[in-house]
Number of protein chains: 2
Amino acid sequence: MKKGLSLERVVEAAVEVADAEGLESVSMSRVAKQLDVSAMALYRHVATKDELVALMVDTALGAPPPPAGGGWRESLVYLAEAMRARLLEHPWTALAPVTGPPSSPNQLTWLDRVLHALRDTGLDEAEQLFCALLLSTQVQSGVALAVTVNRNPAAAALAAGYSDFLDRATADGRLPEVRRLVRAGVFAGAEMDMSMETEFRFGLERILDGIGALVRVR
Amino acid sequence: MKKGLSLERVVEAAVEVADAEGLESVSMSRVAKQLDVSAMALYRHVATKDELVALMVDTALGAPPPPAGGGWRESLVYLAEAMRARLLEHPWTALAPVTGPPSSPNQLTWLDRVLHALRDTGLDEAEQLFCALLLSTQVQSGVALAVTVNRNPAAAALAAGYSDFLDRATADGRLPEVRRLVRAGVFAGAEMDMSMETEFRFGLERILDGIGALVRVR
DNA sequence: GCCATCAGTTTACGGCATACGCGAAGCAGT
DNA sequence: ACTGCTTCGCGTATGCCGTAAACTGATGGC
């Protein structure tokens, strides 16, 4: 005999399914089967599937790690990398159509940590918020890119022969700058994973430099 | 008698539907009805729905505008704002689950323009590419945020009372930094549209400052 | 003992992407 | 001109989806 459903158990089961079979396999009936109940049973605890997905993302994100001293910049790097790592543990979070202003509990907690790091920079409150959002989208889009390349078979195939693909696409000379990069070997060799990682770091450093410039002015 | 289908006509019809009724209304049968044919007729010109969506996004993006002189920074601002404007004309592009490395023709053309602007900065090729991707995701995520807030009814309702919502969510004192911003009135009043716009500009300026710092080093 | 409330099931509906198959139209070889 | 074969253009049919609605059986307060 099952010990009775609960919101927690439902979300947990959905996360299990997503981790094991991908977000596209998360249907109400699939999650229900995981719990050995009928599909409609889930609607006792969740109003709609979208709500379930939002909850899934929030629990996958989890609470931020305990703060680890340092200046604002070190703190932000720490948080950004921690968040990236969390999301990469549950790659499907990147595919979930969840946008909009931060509202779920864990999302807000992460935001709070970021704002704490920015507290003594001299930036005004609106600027602090914008910086936080900027960092958050950098993390999320970085994860999304890494994930689509690794999961989606079409994208993966494309990524594998990306250099060749671009070589062919630019053969007619109408995209001289792209061709320039191809000839420079920017897309050649090297594991895609690593490339995604360095791209993320690069973007992060640029953003932090930009914030740093503003901090210096204030 | 219809003049016969073609890939062009199919994509065009799909874009019409998306513009008029949103991306979620774009189903094969809906597009087919628009063209007064049966659903399966579309599959003569398109292998799968995802392919159709990708083509839709590409045509909605369109070709970049003619270049308008100036230094690298002015050029990048120009391109970023032009792209944002294009995407906002077809808000559904932001909701399309299209990620992965740039591969569609127009996407590559925009990339080419951005790389052209970065040509004489002294950055190496990989750095130029990373900068281009960074800018591109900034534009896309900015549009995505603006769009979800304006389209999605739940998100819109939340955005309307966002300040109140956060006030309640932080009442227990566990999110002191977020509460700080709420009390500072960061989320109060002001049209959301405008806020989205200034957030986009802010992020763009930060990124460009960050790139500028790197350029100065090189 | 009665009845409201809960927790979960069964059934059903409309919409979706798309596998499959069928007739018609081109086209080759004779 | 006739035959066989391929390719096109499209309708029908299938199986899955989210979820509305009506049901059943258990639980617990009065």
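Here is how names work: the chains are called A, B, and so on, in the same order as the sequence lines, proteins then strands, and each is numbered from 1. What you are looking at is a predicted structure, and each value in this text was computed from that prediction instead of being measured.
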Expressed as a whole number of angstroms, how long is the span from [X]:[atom1] to [N]:[atom2]?
| X | N | atom1 | atom2 | result |
| --- | --- | --- | --- | --- |
| A:M40 | D:dT24 | CE | P | 17 Å |
| B:E51 | C:dT18 | CD | C1' | 14 Å |
| B:E24 | C:dG15 | CD | C1' | 14 Å |
| A:L7 | C:dA7 | CG | P | 13 Å |
| B:R44 | C:dA19 | CZ | P | 13 Å |
| A:L52 | D:dC17 | CG | C1' | 14 Å |
| A:K33 | C:dG8 | NZ | C1' | 19 Å |
| B:M28 | D:dG15 | CE | P | 21 Å |

Check: Which nucleotide in the set C:dG8, D:dG18, C:dT18 lies at the smallest distance from any side-chain heavy atom of A:Y43?
Finding: D:dG18
Next item on the list: Can you figure out which of D:dC10, C:dT18, D:dT19 approaches the side chain of A:K49 most closely?
Entry: D:dT19
Check: Could you walk me through whether B:R179 and B:D167 pass the salt bridge (Lys or Arg N to Asp or Glu O under 4.0 Å) check?
Finding: CA-CA 7 Å; B:R179 172 140 265 235; B:D167 192 49; 2.8 Å; yes
Note to self: Considering every strand and a 4.0 Å limit on heavy-atom distances, what is the contact class for A:S27: base, sugar-phosphate, or nothing?
What the structure shows: sugar-phosphate
Checklist line | N/O (side chain, B:T48) to phosphate O (OP1/OP2, C:dT18) under 4.0 Å | finding: yes
Next item on the list: Considering just the side-chain nitrogens and oxygens of B:S38, establish if one lies under 4.0 Å of OP1 or OP2 belonging to D:dG11.
Entry: yes
Notebook entry, point to check: Is the cationic atom of A:R168 (NZ for Lys, CZ for Arg) positioned less than 6.0 Å from the six-membered ring centroid of A:F165 and within 45 degrees of its normal?
Noted result: no
Next item on the list: Tell me, with the steps shown, if A:E16 and A:R30 meet salt bridge (Lys or Arg N to Asp or Glu O under 4.0 Å).
Entry: CA-CA 11 Å; A:E16 276 172 30; A:R30 180 66 189 79; over 6 Å; no
Notebook entry, point to check: About how many Å separate NE2 of A:H45 and CD of A:E51, when rounded to the nearest 0.5 Å?
Noted result: 12.0 Å
